[in-house]
Amino acid sequence: MRRLNFVGLVLFSLFLALPLDAPYAQQQQSVRVATTTPAPSSYFGSERSAAERITADEMKEILYYIASDDMLGRDTPSPGLDKTAQYIADHLKKFKLKPAGDNGTYFQHITLSRTQVDRENTKAHLGDKAFKVGEDFLPVGRVSGDAEGQIVYAGHGWVINSKNVNAYDGLDVRDKIVVVSGDGTTPPPGLSVENLPGTDWESPVSYAQKHGAKALVLIPRNFERRWRFGPNALTRSTLSVPRLENAAEDEDEDEADAAAPKGLVEILPSRAMLSALFAGEQADGARVLQASTAGERLKGFALSPSKRLSLSVKLSVTDASTQNVVAVLEGKDSALKREYVALGAHYDHVGTDNPGCRPVGDDKICNGADDDGSGTTSLITMAEAFSKGPRPKRSILFVWHAGEEKGLWGSEYFTRFPTIPLKQVVAQLNIDMIGRSKKAGDTNPANRMLTGPDEIYVIGSRMMSDELADKNVAVNSAYLNLKYNYHYDEPNDPERLFYRSDHFNYAKHGVPIIFFFDGVHEDYHRPTDSPDKIDYQKMQSVARTIFILASELANAPSRPVVDKQIPAEQLAR
Ligand SMILES: [Zn+2]
């Protein structure tokens, strides 16, 4: 599962998305236990015996391979991730599942772009004074270019019509370089945006761009932290998915690949650069910096017209690639087989020895056994169980997503450029972390929210379809009767779990979803998330339950009714 971050805010910034430490939710967990008496073992008939092909022993064998040190933490992109993709594809071939990626293969190819600052050719001047990249300023956008002009300070830079907020009031930014307090995409304290961008509000960046500004100088609230880590990042490259940066749903792949990144040159100034820019102005550099880091509102103004800033930012961009793994088990009903029940997991993790994977002693490889080796493994064993029959009426779609940890890339890519018609997906069941359980007597606060051996969090099941949620409850109470915990079943929960895994992108496209999750634990995103810590009996129980639910959905006379949509403002976040 993805680390807590502002999913949905597009952070066009090289250094902005520094990992945050996920705070634990404060609420007490509330457990709703299904009270129905378990039905006799004849219930679900042949589905039950098919589910029993999913065994703890086989799961253990697969997971020990996927979460081995050989995979080096399955970063996106990496040889270890490609090796895992091939391992999944080899199984699918053996199970004789239909390839549903590109050109009759199991792989849906995703082109990535690697950006690095060209230090030699990245420069800034204020009149005759030269600034040094890495010391006086850092490029923070993904756009190369030259800009020269007078300077305007635009305060926090937000325009929110419904709240009568306009930081650009009285300022002309055309052909100017705009200095903004903030990171350009996160509203300042006390201001939030609920309605849709463009109509009700403009971010500092989008306003500047639409009104002819030439470049942006951003002073984020975490200025100090950015300067502590930023210069190191100059020597590293950052990744993006070019095809996802174009908002259009239906553009041609070749055009998207050819399109240059849009936007303005953006830099982070140093204290010294701010002092030089604001020398002799109504607020000096120290005052502007203080207001920026405190989130205090300072009114904008045009700087002395004699000051002209020139920026030249050069980024080198190279291609890289990764892939989703996609397969279909074709349904047996000639009409219903055009519809799909989707099963999803993410097979990537956070790699080795990087800011997202903190070493534990000498161990620097984040194996991701639970996250999401457990879901990846479950999907493989479910694919095998389905392939041996009986064949359900609807088709089953299996997607192992890449790049989940980078920002739900694989699921965004699949749902925007699906290889089967997405409207024909009747539900998506996302399995991300189902292998850990809290041991009796465990008092470690880091395991406070971890579910017990017979318990699992069920998230989002009622957000779009009561019928889907009811079916999930009915299957569980008539089968293994696990404790379904709905604690996180609330889009406004501070942990924001609804936004933090791949199901979110399916929900965004109108597909009703259920997210199965065991809870954050002491080994989350650490090298100690290893296969020896997994509760394989729990994995087996949860995977078998999801298998029966998927079978029931695939055999039902009609698809689950979507009786509500997720409000647009929640999806825009
Ligand atoms: Zn994760």
Side-chain angles (χ1 to χ4, degrees), residues 1-8 17-25 63 66-68 71-78 80-81 84-85 239 322 324-325 344-360 363-379 399-413 430-437 446-447 449-451 456-457 459-460 488 493-506 513 515-531 533-534 539 542:
M1 192 198 47
R2 209 194 160 193
R3 194 169 277 267
L4 182 64
N5 209 327
F6 292 96
V7 180
L18 287 169
L20 304 169
D21 283 317
Y24 297 107
L63 188 52
I66 288 172
S68 65
M71 301 306 159
L72 291 168
R74 307 189 305 277
D75 205 358
T76 305
S78 70
L81 190 68
T84 311
L239 283 162
T322 190
N324 289 325
V325 185
H346 71 90
Y347 75 104
D348 69 301
H349 192 53
V350 296
T352 298
D353 196 16
N354 65 59
C357 168
R358 293 166 293 150
V360 174
D363 192 355
K364 295 179 173 167
I365 303 172
C366 278
N367 302 99
D370 188 29
D371 185 8
D372 181 26
S374 62
T376 301
T377 300
S378 297
L379 246 64
V399 186
W400 288 263
H401 303 97
E404 191 270 356
E405 303 284 8
K406 300 281 187 210
L408 315 185
W409 285 352
S411 53
E412 184 179 353
Y413 199 92
N430 182 32
I431 311 176
D432 186 0
M433 297 171 63
I434 59 163
R436 291 290 291 263
S437 58
N447 295 331
M449 298 305 285
L450 187 57
T451 46
I456 195 82
Y457 290 113
I459 301 169
Y488 291 117
D493 182 273
E495 283 280 319
R496 299 173 57 81
L497 283 163
F498 181 72
Y499 305 91
R500 285 171 60 187
S501 185
D502 294 316
H503 58 276
F504 175 64
N505 281 314
Y506 289 82
I513 61 94
F515 171 26
F516 295 90
F517 172 60
D518 57 20
V520 169
H521 49 75
E522 58 188 323
D523 301 311
Y524 174 71
H525 284 204
R526 309 205 78 193
T528 43
D529 179 6
S530 50
K533 306 253 180 78
I534 296 293
M539 244 176 96
V542 176

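Atom set for the values below is all heavy atoms of this structure, side chains included, hydrogens, waters and symmetry mates excluded. Each ligand, and each atom within it, is numbered from 1 in the order the structure gives.
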Practice item. Could you tell me whether the Zn ion (ligand 1) has an N, O or S atom of Asp372 under 2.8 Å away? Key: no
At the Zn ion (ligand 1), NE2 of His525 and N of Met1 open up to roughly (10° bins) 160°
Which of Asp529, Asp75, Ile365, Val350 passes side-chain contact (heavy atoms from CB on, under 4.5 Å) with Cys357? It is Val350
Checklist entry - Does Met433 bring an N, O or S atom to under 2.8 Å of the Zn ion (ligand 1)? => result no
The Zn ion (ligand 1) -> Glu405, closest N, O or S atom is OE2
query: Is there a donor in the side chain of Glu522 and an acceptor in the side chain of Asn447, or the other way round, less than 3.5 Å apart?
result: yes
*Cationic N near anionic O, under 4.0 Å, Asp523 to Arg436*: yes
Requested in this report: Kindly confirm whether the Zn ion (ligand 1) is within less than 2.8 Å of some N/O/S atom in His346?
Outcome: no
min-distance N/O/S atom, Asp371 vs the Zn ion (ligand 1), resolves to OD2
Test side chain to side chain donor-acceptor pair (under 3.5 Å) applied to His521 and Asp370, step by step: CA-CA 10 Å; His521 49 75; Asp370 188 29; 3.0 Å; yes
Given the options Thr376, Asp432, Asp502, His346 meets side-chain hydrogen bond (donor to acceptor under 3.5 Å, both in side chains) only with Asp432
